[in-house]
Amino acid sequence: QKEVEQNSGPLSVPEGAIASLNCTYSDRGSQSFFWYRQYSGKSPELIMFIYSNGDKEDGRFTAQLNKASQYVSLLIRDSQPSDSATYLCAVKNLMYSGGGADGLTFGKGTHLIIQP
Amino acid sequence: DVKVTQSSRYLVKRTGEKVFLECVQDMDHENMFWYRQDPGLGLRLIYFSYDVKMKEKGDIPEGYSVSREKKERFSLILESASTNQTSMYLCASSLGQGDSYNEQFFGPGTRLTVL
């Protein structure tokens, strides 16, 4: 069984600071990694994806991937109260990739609270 | 904008009833997925489909079946609902281009309660 682990939190960060969210995965063969944001009562929405080792930046968000350590993280700079949500780490599961479909295995999510 | 809609936002059913959850996407996506989301367990894949009439099992297919008769519609069926199937059910779709990643777009979810 492929595992994706996240600290459930809550992670409390003051407004304007950097929020750091972490995720580890068990399948060394995993190639594709995703971060979804889910507001309370809403469905998940994709904010970042990363395939290669290193950093990928998109606005205030930076995804970091270290395949040797099987570790992926999401940094949120200049955190805003609107960033308060649950962040889901997901890994493409090759078992669920038939016919071009990209089935994902999700972690349980980290609840992030940005304190004004 | 991609739009994924689900037939009901809230649903209450009795144990033993047959339950249909419907999902429709309007962007001609090849792939469709059904997940359930439970506190402490996260999102888990039930079934997915990469083409009309094609279906594949996910992590937790037991107690569920699916139907995809048309490209835009993917149905989740609970043959005989049980209380442990009380959950939030989320449908998603993605474009489908071989090995390339395709973003999954989620519907608003159906909160099912089985009494």
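Here is how names work: the chains are called A, B, and so on, in the same order as the sequence lines, proteins then strands, and each is numbered from 1. Below, all heavy atoms of this structure are taken into account, side chains as well, without hydrogens, waters or symmetry copies.
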Under the disulfide bond (SG atoms under 2.5 Å apart) definition, can you give me all pairs with a residue in residues 57-88 of chain B, not counting sequence neighbours?
none
A/L11 with A/M48, same ILVMFWY side-chain cluster at under 4.5 Å
yes
Can you measure from CD (B/Q37) to NZ (A/K108) and round to the nearest 0.5 angstrom?
12.5 Å
Any chance you could measure B/F106, atom CZ, to A/Y36, atom OH, to the nearest 0.5 Å?
5.0 Å
With a 4.5 Å cut-off on side-chain heavy-atom distances among I, L, V, M, F, W and Y, is there a chain of contacts connecting B/I60 to B/Y47?
yes
Applying a criterion of heavy atom separation less than 4.5 Å, what residues of residues 107-115 of chain B form contacts with chain A?
B/G107, B/P108
Partner set under ring-ring contact (aromatic ring centres under 6.0 Å, His included) for A/Y25, not counting sequence neighbours
A/F33
For the residue pair A/L46 and B/Q104, establish whether any side-chain heavy-atom pair is separated by less than 4.5 Å.
no
Give a yes or no on whether A/F61 and A/F34 share a hydrophobic cluster (residues Ile, Leu, Val, Met, Phe, Trp, Tyr; joining criterion: side-chain heavy atoms under 4.5 Å apart).
no
Decide whether A/F106 and A/L21 are clustered together by the hydrophobic rule: side chain heavy atoms of Ile, Leu, Val, Met, Phe, Trp, Tyr closer than 4.5 Å, transitively.
no
In chain order, what residues pass the salt bridge (charged side-chain N to carboxylate O under 4.0 Å, His left out) check against B/K71, with sequence neighbours excluded?
B/D28, B/E30
With a 4.5 angstrom heavy-atom cut-off, which part of B/L43 approaches chain A: side chain, backbone, both or neither?
both
Under 4.5 Å from any heavy atom of chain B - which part of A/Q6:
neither
Rounded to the nearest 0.5 Å, how far apart are CG of A/L104 and CG of B/L45?
8.0 Å
Are A/I47 and A/V13 connected into the same hydrophobic cluster when the rule is that any two of I, L, V, M, F, W, Y join if their side-chain heavy atoms are below 4.5 Å apart?
yes
Please check if the number of heavy atoms outside B/R9 that lie under 6.0 Å from its CZ is greater than 12.
yes
Could you tell me whether the side chain of A/S43 reaches within less than 4.5 Å of the side chain of B/V4, counting heavy atoms only?
no
